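Below: the structure, in structure tokens.
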Amino acid sequence: MDSVKFKRYGKYAVIVILALIQYAQTTRFKYALDDSIFITKNSRVQAGLDDIPRLFENARTGQIENETGYRPLLLLTYAIEVHFFGLKPVVAHRTNVALYILLCCLILAFLNRLFPDHPLQVFLVTVLFTTHPLHVEVVANIKGRGEMLAMLFGVIYTYLHVVYLRTNKWHVLLLAPLVFIAASLGKENAITFSAVSFALLFFVKTDNLRKVYSGLSSFASLALVLLMRLYVYSDQFFSDQTTELIDKGVYHSDMFLGNPLVDVESKLTLMANSLNIVWYSVKMFFIPSPLVHDYSYNYFPVIDWGSPLPYLGLTIVLLTLILTIVAARKQPLIVLGLVWFLVTLSIYTSFVRPATDIFAERFVFSPSLGLCIAAVGALGLFKLDAKKLAIIVGLWSAGLLFVSTSRAPAWKDTNTLLEADIETLDDCVRANYNYALYRHQRYDNYPNSRRPGDEETILRHYNLALNQSDRLANLYTALGNAYMRFKMPEKAYPVFKEASEKFTYLAKPLTQLGNVHVSQDRYDSAAFYFTKAVDVGKTNPENYMNLGLSLYHQSLYDSALTVMATGEQYAEERVDYYYKYLPICIKADSLQRAAQV
């Protein structure tokens, strides 16, 4: 009995130890990259548990905190941490590690229930999954928790279906839709687990009536989540301020740099790239190198059918279909693994709808479990005895463990991550922009950290990004501001000018052109561009304030007063607006208005 317990619980102990070997170091890490969107610059999360309903709001406001997608469960976990512990990354990283350990142990329990006759293979699958370096981004980056929550509840959901199919316990099946909703509130990709649960019907031997009920439950779960998503993006729930942002001249939306497939119109070409994503995911599973944090435009290629890569992806899809038809019973590990992989990856292939990025390591988090299952199942084709199988997978896992343990320190903070990857991502537009922007902000905010050559490095990476693509409006802003910061207004002017001609719906480039003239005390020229900025962004008080001040400096006090009075209706009692409004009122001899201001 003691031996049986040791074998059972000893396996879980091994999984916990392997996870800690890799990720215990992350508890010393800081916030990095998009953690600002979800935590450090998110007022909803920083309110803790004092305003829980706000965490469940869905809005497009132009604010960074509303760029998270609809993931209220994820935000709730951050809010709980902030409420009880404050903004302490150590707490968030510990939570991530704990969730990963819980997920890996749950996978072991789930697979044991699904394949009770293959205990060794199930354990080796879990070891492979636990040690795989494709998971470093998800565990070491606090934002990656969304993937873990989606998969954690997704696995519980499929586990409940297996339990029902084997035991006929109705309460388990009734609980499943609620768990599925929780998964989808962690991250949207959890929706694929409804198809996974349906696929399980072909691998669990039970009576047909149970399969019917299980299938109906899967469809019901999917229907509930789709209805929920329709509602949270409906006019009754979703607060869409796009029109207001356009009126302010600040709205710019272009997914191209993250996922250039948004510009692909041909379905055949789109299919070629989707199949390439399938192939690349498999390639990264077996050869996880190079690992980088950004696979966006100009790093991950857009291809067509003239490349051999989509045919490799097509081979994987066709192989899965053929094996599902002819070998589902004989080779359940291989077939279920491939089906799991393709189903959970499908939402990220951009064939039906473009994903936010063309590829990311986090996208392969859930699909990688399918590849782990299929890989261990494929090794079984060689008729290896248990010892040889364990040695092969053990050596493979040891290599993966080394890679993931070595990669994790790159995620210590934003600086270490950008510095670790920038040489590899030299052709990546967004990576160059983010690297230059980070160095630029550090240059401005921490003068003591400045190093020789900082100015040259910042400008070089901004220009590298701009030479590779002209579709990022913020890049023009950042590069022009850098030229201004480094006292090169003559180089800033043509950058802002090009931006104003390219992004005619944005007021910012016009404002920046005006600021160039202000820096040279040419207020008449500045007023010309500020006037155009007001025309583009008619409801943006910033534009009126800039124009009013430029007129003020030309001693055109009455005109300045008229402009500021017009913009006041949009100022929403902004202190800075009235602070600059007051001297204009005084100079224009409007003392009564000055008293009101």
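All values derive from a computational prediction rather than experimental measurement.
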- Task: Verify side chain to side chain donor-acceptor pair (under 3.5 Å) between T477 and N474, making sure each step is shown before the conclusion.
- Result: CA-CA 5 Å; T477 299; N474 287 341; 4.7 Å; no
- Message: Assess the residue pair R94 and T26 against the criterion (side chain to side chain donor-acceptor pair (under 3.5 Å)); give the C-alpha distance rounded to whole Å, side-chain angles, the decisive distance to 0.1 Å, and a yes or no.
- Response: CA-CA 8 Å; R94 285 174 178 172; T26 66; over 6 Å; no
- Going through the distances and angles, do D294 and Y299 end up as a side-chain contact (heavy atoms from CB on, under 4.5 Å)? CA-CA 8 Å; D294 196 336; Y299 179 77; over 6 Å; no
- Show your working on side-chain contact (heavy atoms from CB on, under 4.5 Å) between T405 and Q25 and close with a plain yes or no. CA-CA 9 Å; T405 306; Q25 59 182 312; 3.8 Å; yes
- Take N141 and R362 through the side chain to side chain donor-acceptor pair (under 3.5 Å) test and state the conclusion after the steps. CA-CA 10 Å; N141 183 209; R362 63 185 179 277; over 6 Å; no
- Could you go through the side chain to side chain donor-acceptor pair (under 3.5 Å) check for T95 and E81 one step at a time? CA-CA 9 Å; T95 302; E81 292 168 349; 2.7 Å; yes
- Task: Step by step, work out the side-chain contact (heavy atoms from CB on, under 4.5 Å) result for L49 and I80.
- Result: CA-CA 6 Å; L49 300 181; I80 291 171; 3.8 Å; yes
- Task: Verify side-chain contact (heavy atoms from CB on, under 4.5 Å) between D51 and R44, making sure each step is shown before the conclusion.
- Result: CA-CA 8 Å; D51 196 359; R44 294 185 290 166; over 6 Å; no
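A donor-acceptor pair under 3.5 Å is absent between the side-chain atoms of S404 and the main chain of V136, judged by distance alone. At distances below 3.5 Å, at least one donor-acceptor pair connects side-chain atoms of N96 with backbone N or O atoms of V139. Judged by distance alone, with hydrogens and angles left aside, the side-chain atoms of K538 form a donor-acceptor pair with the main-chain N or O of D535 at under 3.5 Å. Judged purely by atom type and a 3.5 angstrom limit, E137 has no side-chain atom pairing as donor or acceptor with the backbone of L134. Of the possible polar contacts, one joining the N543 side chain to the G537 backbone as a donor-acceptor pair under 3.5 Å is found. Counting only distance, with no hydrogens or angles, the side chain of D34 and the backbone of I37 share no donor-acceptor pair below 3.5 Å. The backbone N or O of F363 lies less than 3.5 Å from no partner atom in the side chain of E147, so there is not a single donor-acceptor pair. No donor-acceptor pair closer than 3.5 Å links the side chain of Y483 to the backbone N or O of A478. Listed for the S274 side chain is a donor-acceptor partner under 3.5 Å among the backbone atoms of T349. T562 contributes a side-chain N or O that, together with a main-chain N or O of D558, makes up a donor-acceptor pair within less than 3.5 Å.
Within the 4.5 Å cutoff, the side chain of Y348 has heavy atoms near those of the N189 side chain. At a threshold of 4.5 Å between non-hydrogen side-chain atoms, the residues R471 and D263 count as touching. Here the side chains of N540 and V534 are not in contact, with every heavy-atom distance at 4.5 Å or above. When side chains are defined from C-beta on, R71 does not count as touching L185, because their heavy atoms never get closer than 4.5 Å. Residues V138 and M148 have side chains in contact (heavy-atom distance under 4.5 Å, counting atoms from C-beta outward). Looking at Y462 and Y476, their side chains never come closer than 4.5 Å, going by heavy atoms from C-beta outward. Two residues are said to be in side-chain contact when any heavy atoms from C-beta on lie closer than 4.5 Å; E568 and Y578 meet this criterion. In this structure, the side chains of N298 and R430 stay at 4.5 Å or more apart for every pair of heavy atoms.
Here F486 and Y443 bring their ring centres to under 6.0 angstrom of each other. Separation of the Y280 and F300 ring centroids falls under the 6.0 Å cut-off. The six-membered or imidazole ring of Y523 lies away from that of H517, with a centre-to-centre distance of 6.0 Å or more. With ring centers used as reference points, F153 lies 6.0 Å or more from F180.
The aromatic rings of Y100 and F365 sit tilted relative to each other, their planes meeting at an angle between 30° and 60°. Below 30°, between 30° and 60°, or above 60°: for F237 and Y231 the angle between ring planes is between 30° and 60°, a tilted geometry.
For the pair G48 and H83, the tightest heavy-atom approach, listed with the atom from each and the gap, is CA-CB, 3.9 Å. Residues K143 and D35 share a closest heavy-atom pair of N-OD1, 3.0 Å. Nearest approach of Y570 to T539, heavy atoms of both residues: CB-O, 3.3 Å. Nearest approach of F351 to L270, heavy atoms of both residues: O-CD2, 3.4 Å. What you find for Y433 and L475 is that their closest heavy atoms are CD1-CD1, 3.6 Å. Of all heavy-atom pairs spanning W411 and T416, the tightest one is C-OG1, 4.2 Å.
Heavy-atom neighbours of E423 CD from other residues, nucleotides or ligands within 6.0 Å: at or below the threshold of 12. By the neighbour-count criterion of 12 heavy atoms within 6.0 Å, atom CD of E501 is densely surrounded, having more than that number from other residues, nucleotides or ligands. By the 6.0 Å contact criterion, CG on N467 is enclosed, its count of non-hydrogen atoms from other residues, nucleotides or ligands being greater than 12. Annotation: K487, atom NZ; neighbour count of heavy atoms from other residues, nucleotides and ligands within 6.0 Å does not exceed 12. Surrounding NZ of K508 are at most 12 heavy atoms belonging to other residues, nucleotides or ligands under 6.0 Å away.
We find the CG-OG1 distance between L506 and T511 to be 10.0 Å, quoted to the nearest 0.5 Å. For the atom pair L459 CG and H440 NE2, the distance stands at 8.5 Å (nearest 0.5 Å). In this structure, the separation between CD1 on I358 and CG on L257 is 12.0 Å, given to the nearest 0.5 Å. The distance from the CG atom of L75 to the OG1 atom of T77 is 7.5 Å, given to the nearest 0.5 Å. To the nearest 0.5 Å, the span separating NE2 on H93 from CZ on R145 amounts to 9.5 Å. Here the NE2-CD1 distance, from H461 to I458, works out to 10.0 Å after rounding to the nearest 0.5 Å.
No hydrogens or angles considered: a donor-acceptor pair under 3.5 Å links the side chains of S350 and N259. With hydrogens and angles left out, the side-chain atoms of S43 and R54 include a donor and acceptor closer than 3.5 Å. A donor and an acceptor atom, one from each side chain of Y295 and E361, are located under 3.5 Å apart. Side-chain polar atoms of E419 and Y435 form a donor-acceptor pair below 3.5 angstrom.
With sequence neighbours left out, the ring-ring contact (aromatic ring centres under 6.0 Å, His included) criterion links F85 to no other residue.
Paired with T344 under the rule side chain to side chain contact (heavy atoms under 4.5 Å, CB included), one option of I191, T192, V364 passes, and it is T192.
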